[in-house]
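What follows is a set of notes on a single structure, which appears directly below.
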Protein chains: 4
Amino acid sequence: MDIVGAVVSVELIQMRRKGSEGTKVARGTPPRGTAQPRLRADAARNREQVLAAARQAFRELGTAAPLDDIARRAGVNIATLYRRFPDRDALIRQVLVDGYSLVLEAARAACDKAASEPSTAIEDFLLSQVEQREALVLPLIGGPVTDDAEVLELQRETAVVLERLLAATRAAEAVRPDVTAVDLITASALVCRPLPHLPPSTATALATRHIRVFLDGLRPSASRPLPSAPEHEEIVAHLRPDTA
Amino acid sequence: MDIVGAVVSVELIQMRRKGSEGTKVARGTPPRGTAQPRLRADAARNREQVLAAARQAFRELGTAAPLDDIARRAGVNIATLYRRFPDRDALIRQVLVDGYSLVLEAARAACDKAASEPSTAIEDFLLSQVEQREALVLPLIGGPVTDDAEVLELQRETAVVLERLLAATRAAEAVRPDVTAVDLITASALVCRPLPHLPPSTATALATRHIRVFLDGLRPSASRPLPSAPEHEEIVAHLRPDTA
Amino acid sequence: MDIVGAVVSVELIQMRRKGSEGTKVARGTPPRGTAQPRLRADAARNREQVLAAARQAFRELGTAAPLDDIARRAGVNIATLYRRFPDRDALIRQVLVDGYSLVLEAARAACDKAASEPSTAIEDFLLSQVEQREALVLPLIGGPVTDDAEVLELQRETAVVLERLLAATRAAEAVRPDVTAVDLITASALVCRPLPHLPPSTATALATRHIRVFLDGLRPSASRPLPSAPEHEEIVAHLRPDTA
Amino acid sequence: MDIVGAVVSVELIQMRRKGSEGTKVARGTPPRGTAQPRLRADAARNREQVLAAARQAFRELGTAAPLDDIARRAGVNIATLYRRFPDRDALIRQVLVDGYSLVLEAARAACDKAASEPSTAIEDFLLSQVEQREALVLPLIGGPVTDDAEVLELQRETAVVLERLLAATRAAEAVRPDVTAVDLITASALVCRPLPHLPPSTATALATRHIRVFLDGLRPSASRPLPSAPEHEEIVAHLRPDTA
DNA sequence: GATGAATGAGTTTTCATTCAT
DNA sequence: AATGAATGAAAACTCATTCAT
């Protein structure tokens, strides 16, 4: 998925979160979660460019990437970046929210399909993660923030949806029974990490092969029992700054 | 420092962190690739502390981590760090060399066992990678160096050893035939990445479960054919600065 | 805005803050020294709010206070501030003119009373200064401008009026003879300075007690001779930028 | 008092606070309150130069004075300033502590003399404040910090000492009975404020005359009753940030 | 060999000012 | 007339690096 595509899909999700289910894509839709005076068209465009640039820079350089580098990539002045995101944390937080929103979106889509086609629901989910890995920037290196309320809520909701997906798949005996939602999230997180110094296509090819093997390992026939799984809540409990 | 030496010194640290005082190694092993006057005992200790601190900081903050932060973690003065590593690149390079040395070491150990116990050789290798994930720091974010001759040689040699391992395993029909050394290296790289904000034990538990499923997916019974594999040389060709 | 106009507008604000809705003044008095088209009602209101906010900010933060902070306090957009005051100096200048106008106003009122009640004229003047200390902002910290012609004229006129007041009071033997107009201005200047971190009422209480003691010291009976007084002209001579 | 003099007297006080009562002046005495590795001689010199420059700049420009301006005045690099004072607040705080230390020092000296010469004790105190007004920078404009524990303690101790001084003076009937320690502190605070745009000698002359009149107002013969006094504790209670 | 200190060169952040709506 | 937005320039702050002890 190219950057533009990523941006669009993020906007889509955000529209849905506000309940405006309808009309495909509308440029200039106000992108904030909290109700705010609608951004002017040019400002909204700048904001998305900054986020796209931030995603790219964070992948390449970590979350310590110079902000003026990000502004330069976005083609805006550094002060414009600051106008939208009062500090680095706010920017990181929004990138995280967007990323987790995409994950939730994919989980929901896969879950919806699970009823009719349980055998491919998980595959759909994980491969979609690989596809949009550039936009995820999920487990950000050095990200000082993940205790954002919105992020935590997205994570929780994602886990719920994935458990539902797993339930349907298990019922169809299309997945080994000892795999949990946390395992699927872990797989997403690992596979979306940048593999620096590789061109995107190669990195994606490697990630795809990895997920393919992992998917084969998920089939019931493969079942060699797994070690015990950490509960999702145990993990979420740690999702706050400075815990590692 | 020769390769073995590097590995040993990393292991030493690991052992020390766990309280098991090592005995088998001569203190003061010359630490550079080029022959150098043996370091004084305290100097050698400082050097290892700096490397350990650097590994930790790089994992948490990326390779742009402030050098004086690293010095502080190591409990030494910044000037002492500079005495050992003339610049950031030298430090990154040594961390990489140490990390890749550990990978090669593990590959060799597993390969040696492959003759007698082909069914567990791959498992041994991948699980050992999970175990030492904290020390690997393999695909460093923002690392400007990977074209270090020593690193490239280690990577090449590792690929050779792993192919040998795979050959033995394939011969025993203990692995699907379409998996390559590159897939094993990819799995190592993905699984060793830090999952920030999680305590190490939880992160390792998640990584272990992931690798377990992956291992199950590696078994011949699982085989659903994989997409085509990038050649190892194609990958190595990109392992130089600024290729993205 | 002429001098009377300036004074009036400040008084208006003061009155409004106290809830006593003034009646005696025409809205929309032209606000600049040079004749200008009468401001629209809302524009005039904005202008006064900016000046009030500037007084407050200058007292708290000095004259280097951020202009957008002032705009925020005034509840207007920064660009609106700029429409009225082309630069920081213009704003400072107006605050000074307003402040010195109030001083002159008070001096004139006290002087008028001096003929009939010489014993309380000085007291009236100094206590009125304490009362309106929040509006004076007289000796602005870091103010780059005091060589404004209007300000200098106000200062000169004030000195003249106060000397006249002193003459009447001296004639009635109601003040020690060695006190000059400069001493009264100094007392005003000192006592109007903010005492940061104190609530206004406490600060005013302290200032009032101080002036009360000072007033007692002004009585002829107290007279222990003072050191020589700097001439007013000597002081005015320094009232220009960058003299320290 | 010139800057060098001010520096010396500050050092004196600080030595005393640590109990090392003795030997007049020792350059290079470690200047920090909390026990710290003694500063190297050149570093200590730099530190005092920074503080002297800060006092000057704060008087001229308020506490928002550019830090690199202060560094320039002190003849050190901005990073050297930051090495000693991690942020603007730390610098302001130290200037305050130094200032209040000087006040306490003067209060103590005057109090010591009060037993033998009660008639001049208050005069000694207030005139010493005028003399060292350049070093006091007492009620800093826009100073965001005054809730520093050390500052509060100094203020409290000063009030105690001044009450003792007043008790002795009252016993000798050398002061009106309704004046309190708070009034003396207020007088110090008012009189030390910079009068910008005036050369120091003129400003000091004006301040001296003001204090002379005030002193005359303090004599028992002058007594016209004062309005009620705020308690010192009431004032100290407000000495924290953002209270005005 | 190790360290405290200093500094030049960034990077981050804020602010004054202008422009387009 | 008022405002949201953008920006260049400045100030705050950090960091890599060197020097003297």
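Sequence lines set the chain letters: A, B, ... in the order given, protein chains first and strands last, and positions in each chain run from 1. When reading the values below, keep in mind they use all heavy atoms of this one structure, side chains included, and skip hydrogens, waters and symmetry mates. Keep in mind that this is a model prediction, so the values were computed, not measured.
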OP1 or OP2 of E:dG4 sitting under 4.0 Å from any side-chain N/O of B:Asn77? yes
Given E:dT7, is OP1 or OP2 found less than 4.0 Å from the side-chain N or O atoms of D:Arg83? no
Between E:dT13 (P) and A:Asp89 (CG): distance, integer Å: 9 Å
Separation of A:Leu67 atom CG from F:dC15 atom C1', in whole Å? 16 Å
Heavy atoms, side chains only, cut-off 4.5 Å: are C:Ile92 and C:Phe58 in contact? yes
Keeping A:Arg73 on the side-chain end and A:Val50 on the backbone end, is there a donor-acceptor pair under 3.5 Å? no
Is the distance from OP1 or OP2 of E:dC15 to the nearest side-chain N or O of C:Arg88 less than 4.0 Å? no
Roughly, in whole Å, what's the span from CD1 in C:Ile70 to C1' in E:dC15? 12 Å
So, does C:Asn46 get its side chain near the phosphate of F:dA2, meaning an N or O under 4.0 Å from OP1 or OP2? yes
The side chain of B:Val76 lies closest to which of these nucleotides: E:dT3, E:dG1, F:dT14? E:dT3
Starting at CD1 of B:Ile78 and ending at C1' of E:dG1, how long is that distance when rounded to a whole Å? 16 Å
For A:Asp42 and C:Tyr82, find the nucleotide of DNA chain E closest to each by heavy atoms; which residue's nucleotide sits nearer the 5' end? C:Tyr82
In whole angstrom, what separates A:Leu81's CG from E:dT13's P? 10 Å
Name the residue closer to the 5' end of DNA chain F, choosing between A:Ala79 and B:Asp87 according to the nucleotide with the nearest heavy atom. A:Ala79
Answer yes or no: is there a side-chain heavy-atom contact under 4.5 Å between D:Phe85 and D:Leu67? no
Scan D:Ala71 against the nucleic acid and name what it touches under 4.0 Å (heavy atoms): base, sugar-phosphate only, or nothing. nothing
What is the pairing partner of F:dC15, taking Watson-Crick or G-U wobble pairs with both distances under 3.5 Å in any strand? E:dG8
For A:Glu48 and A:Arg84, run salt bridge (charged side-chain N to carboxylate O under 4.0 Å, His left out): C-alpha distance rounded to whole Å, both residues' side-chain angles, the deciding distance at 0.1 Å, then the answer. CA-CA 10 Å; A:Glu48 289 306 332; A:Arg84 293 296 151 227; over 6 Å; no
Touch check for D:Ala43, heavy atoms < 4.0 angstrom, all strands: base, sugar-phosphate only, or nothing? sugar-phosphate
Residue closer to the 5' end of DNA chain E, D:Thr80 versus A:Asp69 (nearest nucleotide): D:Thr80
Send over the distance from B:Leu91 CG to F:dA16 C1', rounded to a whole Å. 13 Å
For E:dT21, the Watson-Crick or wobble partner whose two distances fall under 3.5 Å: F:dA2
Interatomic distance, C:Ile92 CD1 vs E:dA16 P [rounded to whole Å]: 11 Å
side-chain N/O B:Arg84 vs E:dA2 OP1/OP2, d < 4.0 Å: yes
Check: A:Asp68 side chain, A:Ala71 main-chain N or O, donor-acceptor pair, under 3.5 Å: no
Is there a side-chain contact between D:Val95 and D:Thr63, using heavy atoms and a 4.5 Å cut-off? no
Could you give the CD-to-P distance, from C:Gln49 to F:dA2, as a whole number of Å? 11 Å
